[in-house]
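Note on naming: letters A, B, ... go to the chains in the order of the sequence lines (proteins, then strands), and numbering restarts at 1 for each one.
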There are 2 protein chains.
Amino acid sequence: MRSRSVTKHKSPDERADQILAAARACFLERGYFATKMDDIARAAKLSKGGVYFHFPSKREIFRALVQAEFDRATAFMDQVVDEEGDLLAQLLRLGDHFVEAFAADATMPRFMLIAAEMSLRDEPIRQMLLELQEAYIERLTAILERAIADGHLRQIDARATAIALKSLVDGVQAAYAVGYEPNRDRLVEATFALIGNGLAPR
Amino acid sequence: MRSRSVTKHKSPDERADQILAAARACFLERGYFATKMDDIARAAKLSKGGVYFHFPSKREIFRALVQAEFDRATAFMDQVVDEEGDLLAQLLRLGDHFVEAFAADATMPRFMLIAAEMSLRDEPIRQMLLELQEAYIERLTAILERAIADGHLRQIDARATAIALKSLVDGVQAAYAVGYEPNRDRLVEATFALIGNGLAPR
DNA sequence: CCTACCGATCGGTAGG
DNA sequence: CCTACCGATCGGTAGG
């Protein structure tokens, strides 16, 4: 009686997700180049050949991970902007998003740093990051413009201000990635004071 | 008659600088891992063995480049802070510093991005970056505190505000590194409007 | 400082 | 015949 193995096959999507999760952990720990396909395979409990069955190359695995980060971020943003509400509520929600994202998934800043560095040599990744940046800035600009129209903000250059605000968040994110960890509450409070009232004496 | 080459030897320091300049160009173009020691040697017009005569490893070459960036930055900051002057003048000078640094040396943001990514796996580099960050923030905090004492600023959390401002600059730098190039004048103007007066309606 | 070369290891692919 | 893999190994290249 021949033993016939019951299917230990997972669906392609499940396998792909399993590989992506394993690869993400490896890239975070060692960076892109120091991560070997064997590392990814071992972490995914497959052979290297098995990984190559699902992905054509190491680079495509990394791109898929950047794409996933992109999708998560844009989905959240649309949710924030679609909901009506006043400026303060939306900015607080956006701020919460970033603070929570850093806190809940401490790996995100690190991954974004690795992705940004990869973008210097990988045009598809660069395009994704530029698109994501533009998406954030457009949403933020829209929020600011609506607030100006409603008289909740003074007349400012909405788009340039949006870029400045997004840059602030990116800078904080980069600091966290390298391990510079400012007190979160103080930073959030100071940032909202800065945004709200500026530095000028009352 | 044996041909005896007139000394084509440069001083060790000159050679080291020549190698560092060549290496910097290579790292900027290809990143750390894709840069081979042969690439550096060729760019420096030496053999690979020649490069290894002056530096013990590829990693030490990269660390020396980060150190050089560190020295440049701290020297400039001390210059800005030592000069007396009112807040606006100092912030403008600091702002000019960054804007000029991005403009005059367009490679700097890119190099800093590569260095930040390297810091994830290289503790000495990470320490240098953290020290540099702390140095910037301390200087900026000192400027803000002096301005508060002089009544030119309202009472704010100087250090947390300094971190926010430095993050803003870092975020802009990161954007430039990836090739997101906002209009400089608009961004500077919006940033100063934000810092000066905040967003609240007058 | 170069030439010649090593020990080791890599991403990707073959046959079954 | 196909699918989802694995063990083994290739050609080429790396830092030193």
Side-chain angles (χ1 to χ4, degrees), chain A residues 2-27 29-66 114 117-118 121-122 124-125, chain B residues 2-27 29-65 114 118 121-122 124-125:
Chain A
R2 254 183 289 151
S3 105
R4 184 184 298 250
S5 69
V6 261
T7 173
K8 65 176 179 183
H9 300 311
K10 293 190 179 179
S11 79
D13 281 356
E14 277 177 306
R15 278 283 186 237
D17 287 346
Q18 167 184 344
I19 292 169
L20 288 175
R24 193 173 194 278
C26 291
F27 288 136
E29 194 175 329
R30 289 182 275 269
Y32 181 82
F33 287 101
T35 293
K36 311 307 174 189
M37 287 301 270
D38 273 323
D39 298 330
I40 297 174
R42 206 175 311 120
K45 301 189 177 183
L46 292 177
S47 72
K48 198 164 56 168
V51 174
Y52 274 104
F53 183 83
H54 291 278
F55 290 93
S57 67
K58 184 175 159 184
R59 201 158 273 252
E60 284 302 330
I61 294 177
F62 193 84
R63 285 180 189 156
L65 287 170
V66 176
I114 296 172
E117 203 270 346
M118 277 300 286
R121 265 158 291 111
D122 191 304
I125 290 177
Chain B
R2 255 185 288 153
S3 103
R4 183 184 299 252
S5 67
V6 262
T7 172
K8 63 177 179 182
H9 297 311
K10 293 189 180 178
S11 80
D13 280 358
E14 277 177 306
R15 277 283 186 238
D17 287 347
Q18 166 186 343
I19 291 168
L20 287 175
R24 194 174 194 277
C26 291
F27 288 136
E29 194 175 328
R30 289 182 274 270
Y32 180 82
F33 287 101
T35 294
K36 311 308 175 188
M37 287 300 267
D38 273 325
D39 296 331
I40 296 174
R42 205 175 312 119
K45 301 190 177 183
L46 292 175
S47 72
K48 195 162 58 168
V51 174
Y52 273 103
F53 184 82
H54 290 278
F55 290 94
S57 67
K58 184 176 160 185
R59 202 159 272 251
E60 284 302 328
I61 294 177
F62 192 83
R63 286 180 188 157
L65 287 170
I114 296 171
M118 276 300 286
R121 266 158 292 111
D122 190 304
I125 289 177

J.: Taking only N and O in the side chain of B:Arg15, is any of them less than 4.0 Å away from OP1 or OP2 of C:dC1?
T.: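 B:Arg15 to C:dC1 OP1/OP2: side-chain N or O found under 4.0 Å.
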J.: Is the backbone N or O of A:Thr35 less than 3.5 Å from a side-chain atom of A:Arg30, with the two atoms forming a donor-acceptor pair by type?
T.: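 No, A:Arg30 side chain to A:Thr35 backbone: no donor-acceptor pair under 3.5 Å.
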J.: Considering only atom P, compute the distance from C:dA8 to D:dG12 and round it to an integer number of Å.
T.: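 Going atom to atom, P in each nucleotide, I get 22 Å.
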J.: Roughly how many Å is it from CD1 in A:Ile19 to C1' in D:dA4, rounded to a whole number?
T.: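 It is 11 Å, rounded to the nearest whole Å.
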J.: Would you indicate whether the side-chain heavy atoms of B:Arg59 and B:Ile125 approach each other to under 4.5 Å?
T.: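 A side-chain contact is absent here, since even the closest heavy-atom pair is not under 4.5 Å.
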J.: Assess the residue pair B:Asp39 and B:Arg42 against the criterion (salt bridge (Lys or Arg N to Asp or Glu O under 4.0 Å)); give the C-alpha distance rounded to whole Å, side-chain angles, the decisive distance to 0.1 Å, and a yes or no.
T.: CA-CA 5 Å; B:Asp39 296 331; B:Arg42 205 175 312 119; 3.7 Å; yes
J.: Tell me: CD of B:Glu60 to C1' of D:dG15, nearest whole Å?
T.: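 After rounding, the reported distance stands at 14 Å.
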J.: Output the rounded distance in Å from CZ (A:Arg42) to C1' (D:dC6).
T.: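 After rounding, the reported distance stands at 15 Å.
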J.: Please check the phosphate of D:dA4 (OP1 and OP2 only) for any side-chain N or O of A:His54 closer than 4.0 Å.
T.: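 Answer no for this pair, as no side-chain N or O of A:His54 is under 4.0 Å from OP1 or OP2.
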J.: If pairs are Watson-Crick or G-U with both distances under 3.5 Å, what is the dot-bracket string of DNA chain C, marking crossing pairs with [ ] and pairs to another strand with |?
T.: .....|.|.||.|.||
J.: Measure from CZ on B:Arg59 to C1' on D:dG16 and round the result to the nearest Å.
T.: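 The distance from CZ of B:Arg59 to C1' of D:dG16 comes to 15 Å, rounded to the nearest Å.
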J.: For B:Asp38 and D:dG12, give me the distance from atom CG to atom P, rounded to whole Å.
T.: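 Distance, rounded to whole Å: 17 Å.
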J.: Distance check: side-chain N/O of A:Tyr52 vs OP1/OP2 of C:dG12, anything under 4.0 Å?
T.: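 For C:dG12, OP1/OP2 do have a side-chain N/O of A:Tyr52 under 4.0 Å.
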J.: Consider the side chain of B:Ser47, meaning its heavy atoms from C-beta on, and name the nucleotide among C:dC1, D:dC5, D:dG15 that approaches it most closely.
T.: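 In terms of side-chain proximity for B:Ser47, the closest of C:dC1, D:dC5, D:dG15 is C:dC1.
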J.: Would the base of D:dG16 count as contacting B:Lys48 through its side chain, where contact means a donor and an acceptor less than 3.5 Å apart?
T.: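 Between D:dG16 and B:Lys48, which were checked side chain against base, a qualifying N/O pair under 3.5 Å is present.
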J.: Check whether any side-chain heavy atom of A:Val66 sits under 4.5 Å from a side-chain heavy atom of A:Asp122, and report yes or no.
T.: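 SC-SC contact between A:Val66 and A:Asp122 ruled out.
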J.: Ignoring hydrogens and geometry, is there a side-chain-to-backbone donor-acceptor pair from A:Lys36 to A:Ala41 under 3.5 Å?
T.: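 Not at all, since once roles are kept as given, no pair shorter than 3.5 Å links the two residues.
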J.: D:dG16 P sits how many Å from B:Phe53 CZ, rounded?
T.: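 Atom CZ in B:Phe53 sits about 17 Å away from atom P in D:dG16.
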J.: Decide if atom CZ of B:Phe53 counts as having more than 12 heavy atoms of other residues, nucleotides or ligands within a radius under 6.0 Å.
T.: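 It does not: B:Phe53 CZ has 12 such atoms or fewer within range.
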J.: Between A:Lys36 (NZ) and C:dA8 (P), how many Å, whole number?
T.: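 From A:Lys36 NZ to C:dA8 P: 16 Å.
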J.: Are A:Met37 and A:Tyr52 packed together at the side-chain level, in the sense that at least one heavy-atom pair is separated by less than 4.5 angstrom?
T.: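 A side-chain contact exists here, since the closest heavy-atom pair is under 4.5 Å.
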J.: How many whole angstroms separate atom CZ of B:Phe55 from atom C1' of C:dC1?
T.: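 That distance rounds to 15 Å.
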